[in-house]
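Order of the sequence lines fixes the chain letters, A, B, ..., with proteins taken first and strands second; residue numbering starts at 1 for each chain. No hydrogens, no waters, no symmetry mates; every other heavy atom, side chains included, goes into these values.
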Number of protein chains: 2
Amino acid sequence: MHGEIAPGHALTLRGVGQQFDVSMTPAREAVRRLVAEGALSMSNSGRVATPELSNERIEELAALRALIEVELASRALPRAHMALIDRLQTINGAVSDAVTRHDAVAYIRSNLEFHRALYLRAQAPAMLAMAETVWLQLGPTMRALYGKLRRKEPPHYHRLIIAALKAGDEPGLRLAVRSDVTQGLKMLAS
Amino acid sequence: MHGEIAPGHALTLRGVGQQFDVSMTPAREAVRRLVAEGALSMSNSGRVATPELSNERIEELAALRALIEVELASRALPRAHMALIDRLQTINGAVSDAVTRHDAVAYIRSNLEFHRALYLRAQAPAMLAMAETVWLQLGPTMRALYGKLRRKEPPHYHRLIIAALKAGDEPGLRLAVRSDVTQGLKMLAS
DNA sequence: CCGGCCGGTTTGTGATCACACTCCGGTCCC
DNA sequence: GGGACCGGAGTGTGATCACAAACCGGCCGG
């Protein structure tokens, strides 16, 4: 999810097992679960690797993010108090730090933490789980994407999200979330 | 997914294994995968059962169905030719049959087949997989729901969907799909 | 020089087993 | 009579093993 593994990287059950000091059995369960969630792809011979997503699939996943996360943000809006906004601004500072340090993994991790903190207020665990499943599928690709576009400035749309939250502006919030989610992934198609 | 198991029904690894003439290992993988997808719930002691969904969770899942399936239908619309509409009408006949036979499982199965046939035209496998994950989570609940409302007539909104497809009416299609998806699940909250 | 073949090695699969924990029943004591 | 206790059956977990298939070298023939 955090882009620690590049797309197309192969994994073996015995390797994963050694990495976590367990036998093949728990490693197999974990890997199969991640395959079921779409986080890993399995060849027809059972070999497992991080997926290399096609542009069509990336577009689909971006559309899913837009659909689900806009709804989550919308549901979180009436429950968003000042404590949440403070927390979002703190996390946003971590995002900026990661950008200036050119730390892709930290950037992805804190960026997702920003979104999760907001969506937790929606009190919609099934929807949040769905969104996280999409994040999981996009993890390796987001890492590759970050390498392509050399970001210099912290995310612009996060500020718009916070502003819309403060103003209680639901249409503005929906647009800001949609833009933030869609923005980065559009670059990859070009 | 098809409501063959009632909510709250307990499963054991050895039982599932015997049912399919395999040992515990494949049974465990299958069960864990279904847990990962939310189709089964696992107690903190590892016991597995079909979930008994709260009304809040049902509302969330219905909202997810509405979000995703409306988008899928919208994407399928420009690709929908007469062959698809014929097929949908045929499947709709099976739905009606199941209703008159009071066969809950056949009703759920053919109803989902109707939706899947439409969404397959959207050429969006990731979105379809997401929708099917939601169906999976709702399977046992849909069975219980069918028992509560004694349907007599075949689904009204399916006809609206077909009519909107024929007319190329996108707003009408979106509304019809949203209504069809939301309709049944709203009853459960009351 | 290139492509097909062919061995050894790696890898996933499924079965089996020992173990710890949980659950559920009866039983005993207060 | 009711509730706590206790023991056995049931259950999930993780390790290990045998096996089949896939992969990846190098080698040989054209």
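By the 4.0 Å N-to-carboxylate-O rule, A:Glu59 lies close enough to B:Arg75 to be salt-bridged with it. Salt bridge status for A:Glu113 with A:Arg109: absent, with no side-chain N to carboxylate O gap under 4.0 Å.
A:Met24 places its CE atom 17 Å from the P atom of C:dT16, with the value rounded to the nearest Å. Rounded to whole angstrom, the span from the CG atom of B:Leu13 across to the P atom of D:dG14 amounts to 12 Å. Rounding to whole angstrom units, CE of residue A:Met42 and P of C:dT11 are separated by 14 Å. Taking atom CD on B:Gln18 and atom C1' on D:dG12, their separation rounds to 15 Å, with Å as the unit. Separating the CG atom of A:Asn44 from the C1' atom of D:dA21 is a distance of 12 Å, rounded to the nearest angstrom. When the C1' atom of D:dG10 is taken as reference, atom CG of B:Leu11 falls 15 Å away, rounded to whole Å.
Between A:Ser45 and D:dC23, a side-chain N or O to OP1/OP2 separation shorter than 4.0 Å is present.
Across all strands, A:Thr25 comes closer than 4.0 Å to base atoms (heavy-atom distances).
Checking A:Arg28 against B:Arg32, the closest nucleotide of DNA chain D that is more toward the 5' end is the one next to B:Arg32. Residue order along DNA chain C, read from the 5' end via each residue's closest nucleotide, puts B:Val22 first among B:Arg47 and B:Val22.
A donor-acceptor pair under 3.5 Å links the side-chain atoms of B:Ser110 to the main chain of B:Tyr107, judged by distance alone.
Taking every side-chain heavy atom of B:Arg14 into account, D:dT11 is the closest of D:dA18, D:dG14, D:dT11.
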Checking B:Arg174 against B:Glu71 for the side chain to side chain contact (heavy atoms under 4.5 Å, CB included) test, could you report, in this order, the C-alpha distance in whole Å, the side-chain angles of both residues, the deciding distance, and whether it holds? CA-CA 8 Å; B:Arg174 295 178 83 96; B:Glu71 175 72 16; 4.3 Å; yes

